[in-house]
Structures are given as structure tokens and as C-alpha cells.
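Order of the sequence lines fixes the chain letters, A, B, ..., with proteins taken first and strands second; residue numbering starts at 1 for each chain.
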Amino acid sequence: MRLRWSWRGSDMDRRVLIGNIAISEAVKLARVDVISAYPITPQTIIVEKLAEMVDSGELNAKYIRVDSEHSALAAVYGASSGGSRVFTATSSHGLLYMYEMLWWVSNSRLPVVMAVVTRSIGPPWNIHTDHQDALTVRDSGWIIGFAENVEEAFDMTLQAYKISEDKRVLLPSIVALDGFILSHTAEPIDIPSQEDIDRWLPPREPLPFVMKPGEGFAVGNLGPDEVTMELRWYIWRAMERAKRVINEVDYEYKDITGRSYGGLTERYRVEDADYIVMGMGSWCGDIKEAIDMLRDEGYRVGLLRIRYIRPLPIQDIIKYGSRSKAVLVIDRAVSMGYGGVLAGEVASILRGRTPVKGVVAGLGGVDMRSEDFIDIIKRFIEEYELDLDINWLNTYWIMKDGGRG
Amino acid sequence: MYREYIILSRGGQGGVTASRILASAATYEGRWAQAIPEFGAERRGAIVRSYLRVSDGIIKRHSKIYRADGLSIFSSKILSLIDIKREIPNDLTLIVNSPYKPDLEGFKEIYYVDATSIALKHDLVLAGWPIVNTAMASAMAKVFNIASIDNIVKAIEEYFSGEIAIKNISAAMEAWDMVAR
């Protein structure tokens with residue numbers, strides 16, 4: 001046990017943990033009832049650690065071993081239908097293998113929470129991070145958040161239960177953390193006490209329904225077409241309400257931990273910024289350091305960090321995007337034939353308001369330093385000020401040499 | 001204070017754990033730290049890089065380290081396998097696991113500690129290999145002023161328990177005393 005400190009009378013424990021272990025600690029504090037998972041790098045340590053916790057009795061949960069990721073999500077789908085609080089985790093090809101079950105879960109409105117440790121999709125075989133895997137499920141009705149550091153991955157996991165189980169939402173959540181960069185990096189994190197979490201996150205209410213033995217009940221049955229469309233409309237509205245719930249939960253979490261991130265987005269030095277950078281995930285920390293250095297040189301630039309891509313923080317993108325001269329979106333995923341995934345979304349929102357430039361970088365785990373971001377941001381500002389063609393959505397690929405022997 | 005370090009080790013020598021122990025020990029000092037392993041297609045015996053950042057304030061960046069303040073080499077044979085000055089071009093302090101001071105040009109300072117003999121003496125052998133990580137972590141903590149020996153011991157206790165912890169602590173204390181310039 002580590003340095004202890006208090007926030008308004010709450011006890012916190014400072015430990016140095018890798019992202020994967022931090023996620024498993026959050027799942028333990030959430031007192032999940034059922035875990036099912038199949039191992040895949042770089043996620044495996046999360047579910048190994050949870051298996052150890054269940055084995056030692058530290059965590060009173062049922063651990064279901066399965067033959068694949070498809071079965072893992074199917075197992076927690078069933079358990080969640082029975083009223084349990086559940087967890088699973090995966091990466092890359094494992095997430096793709098779950099794809100069908102993802103829609104069963106969201107269309108059934110079950111508050112499943114899953115960690116996606118982001119990893120490039122092969123071929124070529126690659127275990128390092130990009131955001132392509134998590135973004136393949138963008139349209140499925142899952143809430144999708146991206147963490148910047150180990151502590152936020154922990155916080156986002158706990159918050160995911162509170163958000164998903166809120167009766168205004170009742171949708172599943174993905175907590176995405178960058179493979180290796182967060183999953184295997186050890187950093188200090190302050191862990192709240194079980195008592196504080198128990199007070200803040202009570203056991204799951206039996207919503208939206210609970211299947212019980214002996215009670216006749218049909219879920220996902222064939223129905224009139226109009227019912228299908230009506231159920232989609234309810235999901236649409238729940239996703240809209242989730243925006244407010246995410247902001248509320250992030251704000252109230254501060255009472256326990258002193259930590260709050262700004263809800264759907266984090267605003268970093270944006271208030272007086274002429275230029276806004278937008279991005280997601282761990283490299284936002286490197287971008288913040290780049291912004292600090294650029295500010296010292298007199299560039300008025302800020303970062304709007306997109307914490308949740310679903311539901312998309314449209315209001316924040318309009319608010320901060322439209323008051324800036326131009327917006328730069330840095331993506332770690334690409335929609336082939338169109339552009340960066342986030343850049344496409346931001347450009348569609350800001351069309352007619354603010355020019356948007358998209359940059360695709362860091363695919364397959366290509367390392368990006370603060371110095372790289374300084375170069376990218378400076379070039380973007382120069383192009384804008386020289387009145388070059390930053391019209392709607394220009395996509396640039398940042399390529400690096402190396403590793404070719 | 002903000003410092004960056006690189007560890008070059010062989011897969012199986014414990015380089016990743018060494019950087020994590022140092023991150024924990026630095027945190028006990030009231031500092032902020034970050035231990036980043038560089039995983040790839042490595043297997044046992046391959047050269048593995050681990051990174052360590054130590055700072056008085058929160059570290060936001062997560063990229064790899066290219067220009068380190070200090071470099072620690074867990075197997076002196078690595079020195080003849082790669083061109084260190086090409087890999088890490090800046091002026092830095094070096095610590096090598098070696099029974100004698102290596103004859104090298106172009107470093108700010110060179111320290112050495114015979115971590116292999118220390119590991120063997122304390123029976124720290126796994127699958128036929130001496131495990132040098134706790135001895136090397138301790139030497140790094142001293143030379144780079146990352147943490148006190150007390151906090152290195154506390155950090156080792158987070159990673160090992162029982163008899164294994166005692167052996168590792170003994171190795172760390174011996175390396176602390178033996179590391180030399």
C-alpha cells in the first residue's frame with residue numbers, strides 16, 4: 001500500500017500501476033458479478049489479473065472461461081440480461097470477432113462495460129496501437145470513450161458503470177485505452193476507497209429488464225418493422241441523454257477523487273486560442289506539451305480533447321471550433337477513401353463555419369513525439385496564414401522511416 | 001527536475017521490471033514517474049528497450065525516449081552488438097553490468113557494477129539466467145539520484161514477496177554499495 005492522502009475526507013491510495021492492472025482494479029471496485037473474456041495482446045493482463053482476484057476471493061464474481069471473443073460477449077450478454085453487473089475486455093481482431101454480439105448487446109439496451117485496449121488490425125501482424133479497432137464499432141450504439149492516461153482509464157471504467165446503468169441511458173460502454181502506451185506503461189494513480197465507491201456506485205438496478213427462471217419473457221423477438229424502427233429511435237434518444245449523464249457523472253466523481261475531466265471533452269488552453277487541435281487518446285498528453293511549447297513561442301493554440309466519440313460532443317465542437325480561425329484534427333484511424341475518422345466528423349459539423357484540416361498519423365503504433373506535433377501544428381498554422389488551401393477537409397499522412405532493417 | 005532514462009537489456013533479464021521498480025521508488029520520493037516498455041516481436045535473448053521518466057511534476061507525454069539523460073546496459077555484450085552513439089546520439093551517463101570499467105569514448109560518465117556476480121551470489125537465477133534487474137535498478141537509483149535505497153527496497157517489496165524479496169533486496173543493497181566509476 002502506498003502514499004495515502006485525502007480529498008475532502010476520502011482516503012486515496014497512490015500506486016504505480018500499468019493501465020491493464022488499473023482497469024482490473026476499477027472493475028474490482030465496481031463489484032462486478034460476472035466476467036467473461038478471451039485473451040488477446042495487449043489486453044490479456046486485465047483478465048488475467050481479474051482471474052487471479054476471483055481465484056483468491058478478493059473479488060466475489062463468476063468468471064466464465066470461453067472459446068472465443070464472440071462467446072465472451074455472448075456470455076456477458078446473457079449474464080447482463082439476468083441482472084448482473086458484467087465486464088469483458090478485448091483488442092483488435094478479438095473486437096472484430098465480437099462484432100455481431102456487439103449489436104445484440106446495444107440493441108437489447110444492456111449496460112455491459114468493455115475495455116478495448118486499442119491495437120492495429122492486421123495484416124501486417126502488429127500488436128501496437130491505433131484507433132482503427134475501436135472505431136469499427138462507432139455506429140453500433142455503444143458509448144465509446146478514449147482515455148489519455150492510466151488514471152483516466154481507471155476513472156472512465158468506473159464511470160462507465162454509472163453512465164451505462166443510468167435509467168436515462170441503458171446503453172453499453174467501451175473504455176478505449178491505447179495498447180502498450182497505456183496498457184503496459186506504469187504511472188502513479190490515486191485509487192479511491194471501496195467504501196467511497198460503494199456509496200457512489202450502488203448495485204445495479206433491475207433495468208431495463210431482468211430475466212428470471214420460471215418467468216415467461218421474450219427478448220429480441222421477431223416483431224413488426226415499425227417496432228424495430230421505434231426501438232432505434234429510443235436508442236437515439238438515450239444516446240442524446242447520455243451526453244448530459246456523462247457530464248454529470250464526470251462532475252460528481254470529483255467529490256470522491258478530486259478528479260474531473262470536463263465531461264465529453266477536455267478543454268486545454270482553448271479559451272483564447274486562434275487555432276484548435278482536436279484528437280483522442282494517449283497522445284493528447286504529448287499534444288498538450290507541444291501546445292505549451294508553442295504558447296511559449298507566441299502561438300495561440302489549444303486542444304479540444306474528444307473524450308467520447310459516441311455520443312459525439314457536437315455542441316463543444318461547434319462552440320470551440322467556430323470561434324477559432326481553423327481546426328486541425330489528428331487521427332489515429334482512417335476511413336479509406338474519405339479521411340481521418342474524427343476529422344470527417346468534425347468537418348461535417350464545422351462545414352461552412354471553420355476550415356478543418358485532417359492529419360492521419362501513428363497508425364500501427366508509429367511513435368509520435370511532442371516535437372512531431374509542434375512541426376505538424378506549425379505547418380498547419382503557416383498554411384492557414386499563407387491562405388493556402390485548407391478548405392474543407394484536407395487529409396495529410398504523416399509518414400516516418402525506420403524499422404526496415 | 002525532469003529526467004529521461006533508457007534501459008537496454010536482453011529479453012528475460014528483467015529490464016521492464018527494473019524500470020517499473022524505479023518508477024515506484026521515485027513515486028515514494030514524492031516524484032512523478034513513468035515506466036514504458038518497448039514490446040515488439042522480442043523473445044528471450046533479444047535486445048529490449050525500456051524507458052523511464054522521472055519528474056517533479058506530472059508527466060503528460062507518453063512517447064518513446066530518444067535522447068536520454070542516462071543509459072543502463074544490463075548485458076555488456078550489447079555494447080558490441082549495437083552502435084550506442086548512433087542509437088542515442090546525445091551526451092549521457094552510462095551504467096553497465098560489467099566486472100570492470102568498459103573502455104568507451106564519448107560518454108559524460110561511465111559507471112559499472114558486476115550485477116551478474118551479485119545475482120549469482122544471491123541465487124537469483126531463473127531458467128539458467130542470472131536475473132540482474134534489482135541490482136541494476138539499485139545502481140541506477142544511486143547514480144542518477146532517482147531514489148534512496150530505502151525506497152528501492154520498498155519498491156522491490158511491491159514486486160516480490162517472501163524469500164525472493166529478501167534475495168532481491170540483498171542484491172539491491174550490494175549493488176548500491178558496489179557501483180563505481
Side-chain angles (χ1 to χ4, degrees), chain A residues 1-3 5 14-19 21 41-42 119 124-129 147-152 177-190 268 281-293 303 305 362 364-373 400 402-403, chain B residues 2 4-5 7 15-43 48-68 82 86-87 90 137 146-147 151-152 154-159 161:
Chain A
M1 290 293 106
R2 314 273 329 203
L3 306 172
W5 67 286
R14 176 161 294 181
R15 299 173 64 189
V16 176
L17 297 180
I18 63 168
I21 301 288
T41 301
R119 166 183 157 180
W125 210 235
N126 184 319
I127 56 173
H128 293 134
T129 198
E148 182 189 306
N149 54 44
V150 168
E151 194 166 65
E152 188 182 15
L177 63 155
D178 287 353
F180 290 102
I181 300 171
L182 297 184
S183 67
H184 287 64
T185 289
E187 292 180 331
I189 101 166
D190 291 335
Y268 188 78
S282 63
W283 67 14
C284 289
D286 304 72
I287 294 172
K288 286 174 183 171
E289 291 197 12
I291 284 172
D292 290 345
M293 290 182 260
L303 170 72
R305 179 164 70 90
V366 168
D367 190 44
M368 294 291 289
R369 303 163 303 156
S370 294
E371 294 76 7
D372 297 319
F373 291 116
K400 289 191 173 187
Chain B
Y2 176 75
E4 297 186 319
Y5 306 101
I7 293 173
V16 173
T17 304
S19 69
R20 289 180 182 164
I21 286 170
L22 285 163
S24 285
T27 306
Y28 282 127
E29 299 281 336
R31 291 179 171 144
W32 192 268
Q34 196 185 56
I36 305 179
E38 187 175 319
F39 286 102
E42 289 91 21
R43 293 292 180 269
V48 179
R49 278 170 176 248
S50 311
Y51 306 115
L52 174 70
R53 292 191 170 99
V54 180
S55 174
D56 291 333
I58 289 175
I59 300 162
K60 292 177 189 147
R61 63 173 63 196
H62 284 89
S63 60
K64 295 173 187 176
I65 292 170
Y66 299 86
R67 298 170 68 85
I82 61 171
R86 202 182 66 120
E87 296 267 326
N90 66 304
I146 294 169
N151 284 331
I152 287 290
K154 274 169 82 177
I156 289 172
E157 284 170 341
E158 277 181 50
Y159 284 84
S161 57

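- Counting all heavy atoms, side chain and backbone alike, A/S282 lies closest to B/H62 at O-ND1, 3.8 Å.
- When heavy atoms are compared at a cutoff of 4.5 Å, B/Y66 approaches chain A solely by way of its side chain, counted from C-beta outward.
- With contacts defined as side-chain heavy-atom distances shorter than 4.5 Å, the pair A/H184/B/R20 qualifies.
- Atom CD in A/E151 sits 7.5 Å away from atom CD1 in B/I58 (nearest 0.5 Å).
- B/W32 is listed as a side-chain neighbour of A/P188, based on a closest heavy-atom distance under 4.5 Å.
- Within 6.0 Å of CD1 on B/I82 lie more than 12 heavy atoms contributed by other residues, nucleotides or ligands.
- Only the side chain of A/L182 comes within less than 4.5 Å of a heavy atom of chain B; its backbone N, CA, C and O stay farther away.
- Of all non-hydrogen atoms in B/S24 and A/V16, the two that sit nearest each other are OG-CB, 3.6 Å.
- The most heavy-atom pairs under 4.5 Å with chain B, out of A/C284, A/G285, A/P42, come from A/G285.
- Rounded to the nearest 0.5 angstrom, B/K60 NZ and A/N149 CG are separated by 11.0 Å.
- Here the straight-line distance linking atom CZ of A/R369 with atom CD1 of B/I65 works out to 12.5 Å at 0.5 Å rounding.
- Using a 4.5 Å cut-off between heavy atoms, A/E371 contacts chain B through its side chain alone, with no backbone atom that close.
- Of all the heavy atoms in B/R61 and A/S370, the pair that sits closest is NH2-OG, 3.6 Å.
- Using a 4.5 Å cut-off between heavy atoms, A/I18 touches chain B through its side chain atoms alone.
- Taking every heavy atom of both residues into account, A/E289 and B/I59 meet most closely at OE2-C, 4.4 Å.
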